[in-house]
Protein chains: 2
Amino acid sequence: MPRGFGRGGRWWHGRLRDAGYRLTLSRDAILSVLNGASGHLSAEEIYLKVHNIYPAGGLSSIYRTLELLTQMGLVFKFDFGDGRARYELAQGPEGERHHHHLVCTNCGRVIDCGNFDQDEEDLLAKIEKGILKKFSFRVTSHMIRFLGLCDKCRNGISHGQGRGT
Amino acid sequence: MPRGFGRGGRWWHGRLRDAGYRLTLSRDAILSVLNGASGHLSAEEIYLKVHNIYPAGGLSSIYRTLELLTQMGLVFKFDFGDGRARYELAQGPEGERHHHHLVCTNCGRVIDCGNFDQDEEDLLAKIEKGILKKFSFRVTSHMIRFLGLCDKCRNGISHGQGRGT
DNA sequence: GTGAATGCAAAAAGTTTGCAGGAAC
DNA sequence: GTTCCTGCAAACTTTTTGCATTCAC
């Protein structure tokens with residue numbers, strides 16, 4: 001564990017510096033929270049978690065940093081239709097992360113869905129080549145959303161409070 | 001053209017009636033606009049277009065109807081990160097529509113992207129079976145979003161005003 | 001005629017912005 | 001020391017809601 005950094009060594013330091021941005025306590029705390037979280041967090045959830053690490057921060061810094069990171073491509077922003085945006089780190093220390101979600105159309109629950117297999121990669125690579133030809137659009141990443149019914153709702157428990165998307 | 005209905009015959013009448021909802025002028029106008037539009041429209045864009053057909057309507061009816069239709073599964077709601085939701089008919093008279101988009105991370109432009117080919121269908125069907133097994137989640141539809149650079153931004157024109165996903 | 005749906009206006013919620021003080025370099 | 005970043009509070013925008021009226025059935 002080089003220089004006392006846990007969990008993979010704060011790989012984002014270099015990314016910020018290289019892009020010419022300052023490495024502030026606030027930004028470090030936000031990235032640390034995102035890096036530790038398994039899935040999609042809302043701005044307020046991030047705010048609350050950041051508060052434990054760095055209590056001085058305000059919500060607007062969270063928003064400003066998240067926008068910065070989104071523009072840098074370090075973070076992806078999602079909207080699952082519940083009126084607040086969700087954020088997810090684009091990658092971990094080990095490399096690209098996947099961004100596929102199952103969204104229950106009945107209760108609104110969102111499940112993070114890991115990788116599939118090599119076939120998926122191959123087909124998507126093929127599709128992305130086709131997009132480049134047809135639209136002259138260079139794809140850098142993709143995300144798939146599956147709509148349907150989660151296990152609970154399929155079994156008739158039906159907490160029903162979904163709002164769509 | 002049965003009973004004087006143009007463009008496919010307002011197939012949605014039955015869908016509303018069957019679900020026990022009243023067929024109002026406002027709802028009909030909204031569905032008509034969505035049916036005629038090629039891609040994703042914001043609530044306000046729909047409002048403006050509806051105004052031409054049915055000038056009495058207000059924005060809140062648009063929102064209420066769009067939520068109803070989204071819950072019914074007739075409409076999909078999207079968010080491309082510009083602060084307003086977009087709506088797209090889930091299907092046309094001819095059947096299921098695809099919901100794949102190219103989102104430019106530089107200028108924010110969104111391009112509707114049609115079907116690919118049979119391979120895609122086959123693979124997604126396979127993936128959806130896997131999701132049923134692994135998560136006990138019954139997939140009913142899917143949407144793919146590709147992020148990248150559009151033709152203009154690739155060529156350095158760069159109007160840059162994107163806000164994320 | 002009855003209950004659901006609408007229209008208007010007001011409220012709510014999330015997100016953005018201005019500006020002065022503070023922190024990173 | 002200089003410049004960028006933050007924190008607070010106020011502003012903004014989109015979306016939601018209450019209630020009386022209107023319309024579909």
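Chain naming here is simple, since letters A, B, ... match the order of the sequence lines and numbering starts at 1 in each.
- Every residue meeting the side-chain hydrogen bond (donor to acceptor under 3.5 Å, both in side chains) condition with Arg109(B), not counting sequence neighbours, appears here in chain and number order: Asp151(B).
- Using a distance-only test at 3.5 Å, with no hydrogens or angles considered, a donor-acceptor pair links the side chain of Arg154(A) to the main chain of Ser136(B).
- Partners of Lys129(B) under the side-chain hydrogen bond (donor to acceptor under 3.5 Å, both in side chains) rule, at least two apart in sequence or in another chain, do not exist in this structure.
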### Message
Assess the residue pair Cys150(B) and Phe135(A) against the criterion (side chain to side chain contact (heavy atoms under 4.5 Å, CB included)); give the C-alpha distance rounded to whole Å, side-chain angles, the decisive distance to 0.1 Å, and a yes or no.
### Response
CA-CA 8 Å; Cys150(B) 72; Phe135(A) 298 97; over 6 Å; no
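- Shown here are the side-chain hydrogen bond (donor to acceptor under 3.5 Å, both in side chains) partners of Asp112(A), two or more places apart in sequence or in another chain: His40(A), His101(A).
- Under the salt bridge (charged side-chain N to carboxylate O under 4.0 Å, His left out) criterion, Lys126(B) pairs with Asp117(A), Asp119(A), not counting sequence neighbours.
- Nucleotide dT6(D) holds its P atom 10 Å from the CG atom of Leu16(A), rounded to whole Å.
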Table of protein N/O atoms under 3.5 Å from nucleotides 23-25 of chain D N/O atoms:
residue, atom, partner, partner atom, Å
dA24(D), N3, Arg22(B), NH1, 3.3
dC25(D), OP1, Leu23(B), N, 3.3

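- Put simply, CD on Glu67(A) is 15 Å from C1' on dC5(D), counting in whole angstrom units.
- The salt bridge (charged side-chain N to carboxylate O under 4.0 Å, His left out) contacts involving residues 33-47 of chain B comprise Glu45(B)-Arg86(B), where partners must be two or more places apart or lie in separate chains.
- Between Arg84(B) and dT13(D), a side-chain N or O to OP1/OP2 separation shorter than 4.0 Å is absent.
- Under the rule for a side-chain hydrogen bond (donor to acceptor under 3.5 Å, both in side chains), the partners of His98(B) that lie at least two apart in sequence or sit in another chain are Asn115(B), Glu121(B).
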Nucleotide N/O to protein N/O under 3.5 Å, stretch nucleotides 8-12 of chain D:
residue, atom, partner, partner atom, Å
dC8(D), N4, Ser60(A), OG, 3.0
dC8(D), N4, Arg64(A), NH2, 3.4

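- The separation between Asp79(B) atom CG and dT14(D) atom P is 12 Å, rounded to whole Å.
- Legend: residues meeting side-chain contact (heavy atoms from CB on, under 4.5 Å) with Ala19(B), ordered by chain and number and at least two apart, are Tyr21(B), Met72(B).
- We find that CD1 of Ile62(A) is positioned 17 Å from P of dT17(C), with the value rounded to whole Å.
- Taking atom CD on Gln71(B) and atom P on dA5(C), their separation rounds to 13 Å, with Å as the unit.
- For the pair Leu69(A) CG and dC5(D) C1', the interatomic distance rounds to 13 Å; values are reported in whole Å.
- Atom NE2 of His51(B) and atom C1' of dC8(C) are 14 Å apart (whole Å).
- Here dT17(D) presents its C1' atom at 17 Å from CG of Leu66(B), a figure rounded to the nearest Å.
- Comparing the start and finish of the helix from dG1(C)-dC25(D) to dC25(C)-dG1(D), five pairs each, the helix axis swings through 50°, to the nearest 10 degrees.
- Taking the side-chain contact (heavy atoms from CB on, under 4.5 Å) definition, one finds that Thr140(A) meets it with Leu147(B), sequence neighbours left out.
- Residue-to-nucleotide proximity on DNA chain D shows that, of Tyr63(B) and Gly20(A), the 5′-proximal contact is made by Gly20(A).
- Taking Thr24(B) as the reference, Arg22(B), Ser26(B), Arg27(B) meet the side-chain contact (heavy atoms from CB on, under 4.5 Å) condition, with sequence neighbours excluded.
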